[in-house]
Amino acid sequence: SKTIAGEKGTASERSFVMIKPDGVSRQLVGKIISRFEERGYKLVAVKSLTPSEALAKEHYSDLSARPFYPGLVKYITSGTPVVAMVWEGKDVIKQGRRIVGATNPQDADPGSVRGQYAVSVGRNLIHASDAFDSATKEIGLWFAPEELSDYEPIAWPWVMADN
Ligand code: IDP
Ligand code: MG
């Protein structure tokens, strides 16, 4: 049986990706989704919501001691929605981080989402899971199991071939 973040190191690997309120407000949702779609990753789940403070705090619980944590929670729960997604495919956790770019947009590759569209670390547009364990935690936090779809995109065998 499949775990919630798929099987690490296989085409069933999954990552939690979230367009933050600045990305939604700036109407970059389509452009950001296109990067993952066009790369060949599979959209397993997507929804738009304003997270509760409890959800935002739990999502970022590892950072609770950091000075920017209260502002980070306020930013994520501002009332402008986020777009929460699960993407699936080979190496999607690491490749998702590359698509997103460095945490501080000033250090991000100009071809990445943050490097192309963001300038401030506190308004860096997007989140992507940084490891298999955090993907497992985050997918479980944001989605119920029945919200995750199981299907095969038409190009899947071409994109994910490993021979
Ligand atoms: P990540 O989003 O690239 O994984 P983390 O270090 O996990 O980066 O930090 C989570 C989020 O916290 C960042 O994406 C950013 O929104 C915010 N953040 C991180 N460092 C700072 C900071 O120095 N000032 C303000 N916000 C920060
Ligand atoms: Mg992080």
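Along the sequence shown, residues are numbered consecutively beginning with 1.
- Taking the side chain to side chain donor-acceptor pair (under 3.5 Å) definition, one finds that Ser12 meets it with Thr10, sequence neighbours left out.
- Summarising the geometry, atom OH belonging to Tyr75 is positioned 12.0 Å from atom CZ belonging to Phe68; distances are rounded to the nearest 0.5 Å.
- Contacts of Lys90 classified as salt bridge (Lys or Arg N to Asp or Glu O under 4.0 Å), with partners at least two apart in sequence or in another chain: none.
- Within 6.0 Å of atom CD in Glu152, more than 12 heavy atoms from other residues, nucleotides or ligands are found, so the atom counts as buried in its surroundings.
- Judged by distance alone, the side chain of Arg123 and the main-chain N or O of Ala118 form no donor-acceptor pair under 3.5 Å.
- Residue Val119 is found outside any hydrophobic cluster, as its side-chain heavy atoms come under 4.5 Å of no other Ile, Leu, Val, Met, Phe, Trp or Tyr.
- Transitive grouping of hydrophobic side chains (ILVMFWY, heavy atoms separated by less than 4.5 Å) brings Leu148 and Leu55 into a common cluster.
- The CD atom of Gln116 sits 10.5 Å away from atom CG of Asp109, with the distance rounded to the nearest 0.5 Å.
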Kindly list each side-chain donor-acceptor pair under 3.5 angstrom involving residues 98-105, sequence neighbours excluded, with atom names and distances?
| from | atom 1 | to | atom 2 | distance (Å) |
| --- | --- | --- | --- | --- |
| Arg98 | NH1 | Gln95 | OE1 | 2.9 |
| Asn104 | OD1 | Gln106 | N | 2.9 |

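- In the hydrophobic cluster analysis, where Ile, Leu, Val, Met, Phe, Trp and Tyr join through side-chain heavy atoms closer than 4.5 angstrom, Ile19 is grouped together with Val17.
- The list of ring-ring contact (aromatic ring centres under 6.0 Å, His included) pairs with a residue in residues 121-140, not counting sequence neighbours, reads Phe16-His127, His59-His127.
- Residues Trp142 and Leu49 form a side-chain contact, since some pair of their non-hydrogen atoms from C-beta on lies under 4.5 Å apart.
- For Tyr117, there are no side chain to side chain donor-acceptor pair (under 3.5 Å) partners, not counting sequence neighbours.
- Distance CD1/Ile139 to CD1/Ile4: 6.0 Å, rounded to 0.5 Å.
- Residues Leu43 and Met18 are members of separate hydrophobic clusters, defined by side-chain heavy-atom contacts under 4.5 angstrom among Ile, Leu, Val, Met, Phe, Trp and Tyr.
- Scanning both residues, Val83 and Val29, for their nearest heavy atoms gives CG2-CG2, 4.1 Å.
- Counting heavy atoms from C-beta outward, Thr50 and Pro81 have side chains that approach closer than 4.5 Å.
- For the salt bridge (charged side-chain N to carboxylate O under 4.0 Å, His left out) condition, the pairs that include at least one residue of residues 24-50, sequence neighbours left out, are Lys42-Glu88, Lys47-Glu147.
- Side chain of Arg14 to backbone of Ala135: no donor-acceptor contact under 3.5 angstrom is found.
- The backbone N or O of Gly9 sits less than 3.5 Å from a side-chain atom of Glu13, completing a donor-acceptor pair.
- The side chain to side chain donor-acceptor pair (under 3.5 Å) test applied to Thr77 returns no partner, not counting sequence neighbours.
- Scored by the ring-ring contact (aromatic ring centres under 6.0 Å, His included) test, Phe36 finds Trp87 as partners (sequence neighbours excluded).
- Note on Phe143 and Tyr151: separate hydrophobic clusters, where clusters join Ile, Leu, Val, Met, Phe, Trp and Tyr whose side-chain heavy atoms are under 4.5 Å apart, directly or indirectly.
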Extract all donor-acceptor atom pairs below 3.5 Å that involve side chains of residues 156-163 and protein atoms in other chains or at least two apart in sequence.
none

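- Cluster membership check: Met85 shares its hydrophobic cluster with Val113, using side-chain heavy-atom separations under 4.5 Å among Ile, Leu, Val, Met, Phe, Trp and Tyr.
- Scored by the side chain to side chain donor-acceptor pair (under 3.5 Å) test, Ser61 finds Lys137 as partners (sequence neighbours excluded).
- Atom CG of Leu63 is separated from atom CG of Leu72 by 6.5 Å, given to the nearest 0.5 angstrom.
- Considering every non-hydrogen atom in both Ile93 and Ser129, the closest pair reads CG2-O, 3.6 Å.
- Residues meeting the salt bridge (Lys or Arg N to Asp or Glu O under 4.0 Å) test with Lys20, sequence neighbours left out: none.
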